[in-house]
Amino acid sequence: MTMITMAEAINQALVYEMTQDQDVVVMGEDVAGNGGVFRITVDLLEKFGPDRVMDTPLAESMIAGCAIGMASQGVKPVAEFQFMGFIYPAFDHIINHAGRLRNRTRGRLSCPLVFRAPYGGGIHAPEHHSESTEALFSHIPGIRVVIPSTPARAYGLLLAAIRDPDPVLFLEPKAIYRKFKQNVPDTGQALPLDKCFISKTGSDVTIVAWGAMHAEAMHAADILEADGISAEVIDVATIKQLDMKTILTSIEKTGHCVIVHEAARTNGVGAEIAAEIAEHGLFSLHAPVKRVTGFDTVMPYPILEKKYLPNADRISKAVREVL
Amino acid sequence: MTMITMAEAINQALVYEMTQDQDVVVMGEDVAGNGGVFRITVDLLEKFGPDRVMDTPLAESMIAGCAIGMASQGVKPVAEFQFMGFIYPAFDHIINHAGRLRNRTRGRLSCPLVFRAPYGGGIHAPEHHSESTEALFSHIPGIRVVIPSTPARAYGLLLAAIRDPDPVLFLEPKAIYRKFKQNVPDTGQALPLDKCFISKTGSDVTIVAWGAMHAEAMHAADILEADGISAEVIDVATIKQLDMKTILTSIEKTGHCVIVHEAARTNGVGAEIAAEIAEHGLFSLHAPVKRVTGFDTVMPYPILEKKYLPNADRISKAVREVL
Amino acid sequence: MKKVAEFFVEYFQFLDKDSKVVDDLPEFTNDRGFLISLYRSMVLTRIFDEKAVRMQRMGQLSTFPSSLGQEAVMVGTGAALKKEDVYCPYYRDQGVLFRHGVTPKELFIYWSGDERGSAFSGAREDFPIAVPIATQSLHATGVASAFKIRKQPRVVITMCGEGGTSEGDFYEAINLAGAWNLPVVFIVNNNQWAISVSREAQTKCETIAQKAISAGFKGIQVDGNDIIAVYDKVSQAVENARNGGGPQLIEAITYRLSDHTTADDASRYCPKDNLDKAWDEEPVERFKKYLEDYHDFNESEDLAIKDECSKEVDQAAIDMLNFEKPNAESMFDHLYENFPEALLVQYEELIAMNKEGGK
Amino acid sequence: MKKVAEFFVEYFQFLDKDSKVVDDLPEFTNDRGFLISLYRSMVLTRIFDEKAVRMQRMGQLSTFPSSLGQEAVMVGTGAALKKEDVYCPYYRDQGVLFRHGVTPKELFIYWSGDERGSAFSGAREDFPIAVPIATQSLHATGVASAFKIRKQPRVVITMCGEGGTSEGDFYEAINLAGAWNLPVVFIVNNNQWAISVSREAQTKCETIAQKAISAGFKGIQVDGNDIIAVYDKVSQAVENARNGGGPQLIEAITYRLSDHTTADDASRYCPKDNLDKAWDEEPVERFKKYLEDYHDFNESEDLAIKDECSKEVDQAAIDMLNFEKPNAESMFDHLYENFPEALLVQYEELIAMNKEGGK
Ligand SMILES: Cc1ncc(C[n+]2csc(CCOP(=O)(O)OP(=O)(O)O)c2C)c(N)n1
Ligand SMILES: Cc1ncc(C[n+]2csc(CCOP(=O)(O)OP(=O)(O)O)c2C)c(N)n1
Ligand SMILES: [Mg+2]
Ligand SMILES: [Mg+2]
């Protein structure tokens with residue numbers, strides 16, 4: 001049993017799938033010679049050669065547009081955006097093309113690709129490097145948005161994302177790239193997309209989280225446990241399409257719900273989850289749904305980022321408020 | 001009293017403000033010689049000359065980035081994106097710069113500009129011309145998003161948007177550019193931003209809408225009235241920042257709420273409104289909040305767009321379901 | 001000071017505006033059958049465009065961008081494509097698509113506002129029409145990259161208007177194509193207008209061709225109203241790319257003789273003089289006269305071609321009008337290959353709504 | 001076939017790598033005081049960079065991009081700016097900002113991860129540092145448009161790296177600048193690397209300067225390690241733009257002698273030989289030797305300058321470290337001029353959280 005980090009688990013998934021499937025290629029800024037600025041794609045160039053591991057010129061719209069063209073031919077690019085804060089020049093291709101190629105051609109062409117991007121705060125990075133704007137993408141039809149919260153889930157979900165015949169945005173919570181390790185056997189076993197994971201069962205409250213906030217939610221659950229409060233923790237994992245069934249079933253049981261995300265509050269993914277609960281779970285609720293989120297400000301520079309990001313304290317406090 | 005269309009009201013507001021304020025300039029693709037593909041900027045070139053009414057080369061990132069540079073100098077650009085479906089190349093500048101220039105420089109520089117874009121379906125336009133993706137922008141800190149629903153509101157809100165010292169995305173529901181007329185005195189009177197308008201008072205249900213859906217909501221209210229159901233219709237008008245106070249006060253009274261938007265359902269602006277109701281209005285509600293929206297598909301081509309767009313029938317049906 | 005790099009742009013023309021031969025004709029001009037097939041495609045394109053404009057006026061199409069006056073650019077480009085090559089279109093290039101296996105019926109369906117028009121039965125790997133300007137340039141680099149990765153001797157052609165060359169995507173695409181030495185040919189249909197914005201207002205550069213210099217490869221100009229020049233230069237560029245010679249940019253100089261689309265009124269901004277002058281140089285008559293002068297082409301052959309094309313187009317229009325309307329729920333059909341459970345409720349709602357006859 | 005356009009790119013150098021004068025020196029080289037001030041700015045920049053890297057290692061800055069080896073590009077550019085001109089920076093141009101009135105303290109504050117570092121007390125109209133690559137090129141065209149609209153005789157300079165020239169924004173900016181004849185000068189700091197991607201992998205074009213050809217204006221190369229060449233050509237371009245002569249692109253050829261940032265390890269990808277060779281050509285020693293050989297500059301003057309700069313930088317570091325920490329709620333302070341009522345609840349929540357001493 002070897003314990004590995006999320007960074008290593010992602011690399012392990014890439015190596016596994018590139019070995020199995022000759023059509024999988026990796027591309028992006030600094031992913032080849034440098035192995036990625038977070039070293040996620042380290043050694044891939046050596047293992048798979050320059051035809052399959054490609055440094056691109058510095059242009060994000062190009063990375064997306066080129067990947068879409070490749071995917072239309074059945075090549076399966078795993079394209080990296082160096083940080084989520086630099087994905088926006090590619091927005092047009094993601095919404096107008098990746099999400100629509102299959103639909104527009106009535107299935108004649110498709111777009112089996114993965115866009116990877118490290119996201120989120122907590123590593124004292126310069127401006128624009130700490131963004132969490134997954135909600136922008138969860139509004140876009142035709143794509144999937146997947147966010148792992150542990151090394152094992154990163155491995156299984158990335159395999160699923162690469163194998164999925166449609167475009168997947170795979171957002172990697174960089175704060176936990178190397179924060180903890182898990183045993184992740186290299187079996188090539190994918191995890192299901194479009195499904196939440198129940199990370200901890202409980203009876204008093206449902207805490208819904210994803211990415212780096214999942215660990216904070218688990219930590220909050222421990223704090224609450226000490227006070228005799230039993231929290232169920234749900235890792236949403238696939239932000240789009242949302243598995244509301246699992247969440248609603250949990251709320252039926254607990255009657256209380258706290259949703260956590262680092263992104264700004266207004267129109268975050270938490271809004272959609274809360275809205276669905278308001279429509280379909282209203283009569284299960286014993287108290288209002290609470291959202292613990294980043295503030296509706298620009299993500300502040302490192303000196304204040306801790307004040308911005310939700311944490312176990314804020315989560316457990318919110319839980320006490322709704323109980 | 002001259003009755004004018006929304007298209008004319010917007011032009012009237014532009015002429016008023018350009019006459020009052022020498023710093024206001026208009027720019028975009030085809031806005032000068034051609035007066036805009038929807039003729040919104042017609043005659044401005046003749047009235048204000050080529051220094052203040054500028055056709056740009058064909059590049060949306062450029063339109064946004066250049067406008068931001070101008071605004072930093074106190075020039076106040078009203079920049080047009082020809083259709084909302086073509087705004088995405090400008091996304092980076094809107095989120096990373098327009099929304100942040102004041103914050104990043106701690107108030108040293110600011111960004112007093114308006115980005116105009118016709119949006120929404122209903123005119124049998126080719127693909128990408130019928131988008132309603134206001135929700136993408138309502139998640140962005142540092143900007144405002146304003147959507148008029150009548151000629152008079154278009155006039156007053158556009159004046160407010162131009163005068164606002166911060167960036168405003170002004171989305172024009174093109175389906176009703178010329179659908180009905182109102183008396184819009186050219187008094188230069190702005191309407192307040194960040195405020196909902198109560199278009200019709202009622203006691204049984206609150207219908208929340210904006211843009212072209214506002215007229216459908218009003219129509220639905222008429223249909224319901226005939227059956228003795230009294231609907232209050234709220235025009236959100238400023239999508240960001242949301243005036244939840246007005247909406248929550250209304251729901252306190254009516255106990256029922258239906259939210260309407262053309263955009264895809266998941267993570268639309270309706271999600272945020274419903275989520276806020278779930279948090280702050282839960283105990284006013286006698287029934288779940290319902291959303292009547294576009295489907296979570298790519299906006300279909302004209303042949304099916306009617307099947308996609310909400311209308312008075314769907315709205316009144318939803319109201320009967322929650323009552 | 002020293003000069004470290006020098007560049008030039010060449011212009012190619014074989015037939016001048018009066019159909020006089022002004023340069024040594026390429027080999028293929030000995031193949032009368034091929035020349036007639038080019039002519040036929042140009043005629044088909046023109047007749048299709050005329051019909052489409054009329055149909056739009058009758059409410060049978062939603063919008064339509066005619067390629068009137070640009071038929072040589074389109075057909076010359078389309079003819080240079082082999083079956084196994086891929087084309088990444090924009091929206092004014094029906095003539096290219098026809099040559100590559102797309103049918104008039106399909107394009108009628110597309111412009112009637114129906115996704116099924118992009119299902120291209122005869123050009124299975126071509127991209128669908130790209131409405132967001134210049135995005136197709138990047139898709140072309142991706143397709144070309146796939147060919148390169150798989151070591152397939154295939155080529156991509158993509159086209160945009162001269163206005164489209166102002167978009168960042170165009171430039172990012174040519175830069176990548178140069179850096180990766182991709183088998184892709186960029187055609188610019190320089191028809192002098194981007195809706196109402198003139199070529200001069202779009203960019204200060206003397207030629208559009210020289211934009212390729214910024215990407216480190218060759219750009220040339222051709223007379224876009226001379227089908228011989230267009231076909232000759234595009235097919236040379238294609239074969240050069242096929243042989244590993246990398247990308248090329250071809251600016252085809254022509255004129256938009258129609259409105260931008262049926263939603264436009266060019267008389268608002270386009271000086272009448274320019275238009276009159278451009279009519280004198282238009283490609284269909286020019287090529288016809290050349291065929292008459294050098295290849296014994298006669299009026300009855302011409303009439304037969306026009307008649308045949310009219311019939312083909314009329315039949316396509318009828319086929320489009322008789323094409324069964326899609327179900328409402330078909331808007332979900334090709335969103336994902338694996339239908340997400342989360343969408344089931346909406347999907348069923350949509351079906352129910354339409355069963356009830358709801359509007 | 002005919003040639004329809006011809007272009008060339010020139011390269012300028014006055015001091016070769018051994019500080020020999022290889023071309024007719026410009027007028028300003030008679031002004032010893034000015035030359036010394038350039039040298040001092042280069043030294044200040046180098047000392048600032050060294051200090052910043054050390055501070056980052058000690059956890060006092062969050063990340064830092066050194067401009068080691070590129071001081072001539074920075075100082076030569078900064079010196080060409082008048083007070084009333086505007087600069088649109090990227091993130092590796094501390095030397096430009098210093099010349100235009102930004103203080104070492106402010107840049108330390110910025111790189112410590114604090115927005116207040118961009119409040120620039122001495123360069124009120126300069127843009128803040130642009131981290132999203134090449135976006136500043138477009139802001140520069142906007143500022144230049146404002147000058148043009150208002151008929152002010154002011155100029156904008158903007159800079160990016162050679163990697164940045166691959167972004168669509170860079171191209172859209174030069175194209176607009178050409179089309180509108182804007183008073184803006186584009187400087188490209190060609191330091192051969194974009195993090196780990198080499199100049200050759202970035203673009204196939206022979207020079208970065210030639211990218212200007214695609215926008216219809218002149219691009220030149222200068223030896224970016226020769227401050228005389230940089231200052232001479234940039235100030236000429238600036239004055240030309242001020243007089244209505246329009247934009248220009250200047251590629252300054254230099255070498256990144258440091259890691260990309262403190263988060264990078266260039267030894268992974270940068271061949272040691274290249275680095276050694278580049279050290280032989282670096283700008284500070286080259287200029288010092290020229291001053292010694294031609295302007296009687298001596299060791300004690302040099303020591304005095306270095307001492308003064310060190311003190312200035314050390315004091316700036318102390319000032320930064322003593323700078324009062326911001327309140328949590330200050331993250332809302334400059335979001336909008338008119339604080340939106342909708343945000344009040346959040347704002348008060350944030351204040352309350354911090355009063356309680358919440359983490
Ligand atoms: C990204 C984007 N912006 C704007 C538009 C609207 N638009 C459609 S065609 C057009 C002009 C295109 O001109 P050009 O590239 O010269 O091609 P032409 O139509 O002349 O063939 C514009 C501005 C669009 N479709 N996509
Ligand atoms: C839009 C965008 N994409 C990616 C990045 C990440 N990034 C930061 S610096 C850099 C390389 C820039 O190289 P170059 O333009 O040559 O400038 P240099 O750093 O060498 O001075 C990259 C890719 C970014 N900051 N912005
Ligand atoms: Mg054109
Ligand atoms: Mg560089």
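No experiment lies behind these values; they were computed from the predicted model shown. Residue numbering restarts at 1 for every chain, and letters A, B, ... go by the order of the sequence lines.
Atom CE of C:Met331 is separated from atom CG of A:Asn103 by 10.0 Å, given to the nearest 0.5 angstrom. A:Arg104 contributes atom CZ, which lies 7.5 Å from atom OG of C:Ser118 (distance to the nearest 0.5 angstrom). Between the CE atom in A:Met54 and the CD1 atom in C:Ile149 there is a gap of 4.0 Å [rounded to 0.5 Å]. Taking CG of C:Leu335 as the reference point, atom CG of A:Asp166 lies at 8.0 Å (rounded to 0.5 Å). Note that the NE2 atom of A:His97 and the OG1 atom of C:Thr135 stand 3.0 Å from one another [nearest 0.5 Å]. A distance of 11.0 Å separates CG of A:Asp92 from CD1 of C:Ile133, quoted to the nearest 0.5 Å.
The existence of a salt bridge linking A:Asp23 and C:Arg150 is confirmed by a sub-4.0 Å separation between a basic side-chain nitrogen and an acidic carboxylate oxygen. Electrostatic pairing of C:Glu115 and A:Arg100 does not count as a salt bridge here, judged by no charged N lying under 4.0 Å from a carboxylate O.
The main-chain N or O of C:Arg124 is found under 3.5 Å from a side-chain atom of A:Arg108 such that the two form a donor-acceptor pair. A:Gln73 places no side-chain N or O within 3.5 Å of a backbone atom of C:Ala146 that could act as its donor or acceptor partner.
With a 4.5 Å cut-off on non-hydrogen atoms, C:Ala173 does not touch chain A at all. With a threshold of 4.5 angstrom between heavy atoms, A:Lys76 does not approach chain C through any atom at all. Both the backbone and the side chain of A:Thr56 come within less than 4.5 Å of a heavy atom of chain C. For C:Phe332, no part sits under 4.5 Å from any heavy atom of chain A, backbone or side chain. Heavy atoms of C:Val86 lying under 4.5 Å from chain A belong exclusively to its side chain. Residue contact with chain A, scored on non-hydrogen atoms closer than 4.5 Å, involves the backbone of C:Ala123 exclusively. The part of A:Leu101 that comes within reach of chain C is its side chain, from C-beta onward, which places non-hydrogen atoms under 4.5 angstrom from that chain. Contacts between C:Phe127 and chain A at a heavy-atom distance below 4.5 Å involve backbone atoms as well as side-chain atoms. Within the 4.5 angstrom heavy-atom criterion, only backbone atoms of A:Leu242 (N, CA, C, O) approach chain C. Contacts between A:Asp194 and chain C at a heavy-atom distance below 4.5 Å involve the side chain alone, from C-beta outward.
Among all heavy-atom pairs drawn from A:Pro141 and C:Tyr336, the shortest one is C-OH, 4.2 Å. Contact detail for C:Leu138 and A:Ser61: the closest heavy-atom pair is CD1-O, 3.5 Å.
A heavy-atom distance below 4.5 Å is not found between the side chains of A:Pro112 and C:Glu337. Between C:Ser330 and A:Arg106 the shortest side-chain heavy-atom distance falls below 4.5 Å.
C:Lys218 NZ: 12 or fewer foreign heavy atoms inside a 6.0 Å radius.
Between chain C and the options A:Lys245, A:Arg102, A:Met62, the largest number of non-hydrogen pairs under 4.5 Å is found for A:Arg102. Heavy-atom pairs under 4.5 Å with chain C were tallied for A:Met244, A:Met27, A:His93; the largest tally goes to A:His93.
With 3.5 Å as the limit, one finds no donor-acceptor pair spanning the side chains of C:Glu341 and A:Gln241. Residues A:Ser72 and C:His139 have side chains that never bring a donor and an acceptor to within less than 3.5 angstrom of each other.
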